[in-house]
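For ligands, and for the atoms within them, numbers begin at 1 and follow the listed sequence.
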Amino acid sequence: MQKPNKRLKNQTCIVTGSSGGIGKAVALAMGAEGANVVVNYRSSKEAAEEVANEINKNKLCGEVIVVKCDVSKEQDVKAMFKTTIEHFGTVDVCVANAGMQIDHPLHEMPLEAWQKVLDVNLTGQFLCAKEAINEFLRRGMRKDVSNSLGKIIHMSSVHEVIPWAGHANYAASKGGLLMLMESICQAYAPHKIRCNSIAPGAIKTDINKDVWSTKEGRENMLKLIPYKQIGVPEDIGSVASWLASDESEYINGTTIFVDGGMTCYPGFTTNG
Ligand code: NAD
């Protein structure tokens with residue numbers, strides 16, 4: 001459905017890991033707000049092109065390009081920003097969404113599993129934020145499109161605050177993101193850069209398909225959600241497009257939890 005006010009018109013938005021899942025919903029939401037969208041993928045070009053086609057169905061969206069990049073590799077991230085800037089002139093919004101899980105009990109976790117998750121979930125977000133900040137500072141203010149110099153949105157998780165046994169690499173990466181996001185805000189808010197995180201709870205995507213695709217898994221998941229509903233990617237897309245817009249201008253250096261109340265620790269409802 002087309003909205004009358006295009007809150008991101010003439011702005012360019014990179015969404016990492018947007019060939020599916022939450023990233024896809026974010027890319028669609030940005031496109032629906034009139035933004036130019038960079039759909040980033042690591043391996044699935046066809047899926048990324050399908051997302052681009054879907055965004056293009058909305059005739060009032062901006063232009064969409066598809067860019068391959070492994071966010072854990074500095075040269076790839078630099079190349080993605082270069083391609084974007086050559087094509088669109090600048091970047092206004094960077095949604096660092098790409099993420100992964102490789103789960104093991106800590107005493108059995110291979111160093112490679114620890115390192116890979118940190119490389120993608122934390123270093124990848126650092127590399128994207130760094131390139132975005134450099135571009136915002138180089139380009140300067142564009143008052144005709146936004147009151148902010150630029151916007152960075154990190155895709156975090158409820159596990160930036162909830163410890164997660166068997167997933168320590170993932171929880172450590174998301175806990176690290178909290179400090180990355182707040183430190184960016186502290187340093188660059190005076191330049192009118194906004195940096196925030198979105199922390200999803202349980203959202204139905206490939207990352208947790210092994211859990212929600214079985215009845216038992218779904219029931220276990222729902223025990224953790226006071227609102228008794230598993231989230232869908234669009235729940236995150238709508239928050240992301242609002243957070244990228246001037247409607248949320250005064251929000252900076254914070255995490256928005258989109259989790260049906262998961263961070264209210266429902267296990268303590270009956271005295272714990
Ligand atoms: P997903 O597996 O569907 O999507 C992850 C995307 O990241 C995929 O498109 C994948 O190709 C991409 N990706 C992985 N490594 C990459 C790399 N090195 N370079 C570029 N892209 C890469 O899962 P999702 O649920 O959509 O996850 C998106 C983000 O949301 C992640 O950061 C995840 O941690 C976070 N998150 C998800 C949930 C949930 O319940 N689904 C909850 C909390 C946080």
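- Across all non-hydrogen atoms, the minimal contact from Thr205 to Trp212 is O-NE1, 3.0 Å.
- Although no hydrogens or angles enter the test, the distance criterion places no donor-acceptor pair under 3.5 Å between the side chain of Glu33 and the main chain of Leu8.
- Crowding of Glu249 atom CD: a count of heavy atoms from other residues, nucleotides or ligands under 6.0 Å exceeding 12.
- Listed by chain and number, Gly17, Ser19, Gly21, Ile22, Asn40, Arg42, Cys69, Asp70, Val71, Asn97, Ala98, Gly99, Val120, Met155, Ser156, Ser157, Tyr170, Lys174, Pro200, Gly201, Ala202, Ile203, Thr205, Asp206, Ile207, Asn208 each place a non-hydrogen atom less than 4.0 angstrom from ligand 1.
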Take Asp119 and Lys116 through the test salt bridge (charged side-chain N to carboxylate O under 4.0 Å, His left out) and record every step on the way to the result.
CA-CA 5 Å; Asp119 283 351; Lys116 179 78 185 161; over 6 Å; no
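- Note on Ile256 and Met179: separate hydrophobic clusters, where clusters join Ile, Leu, Val, Met, Phe, Trp and Tyr whose side-chain heavy atoms are under 4.5 Å apart, directly or indirectly.
- In this structure, Tyr170 and Trp164 have perpendicular ring planes: the angle between them is above 60°, well past the 30° mark.
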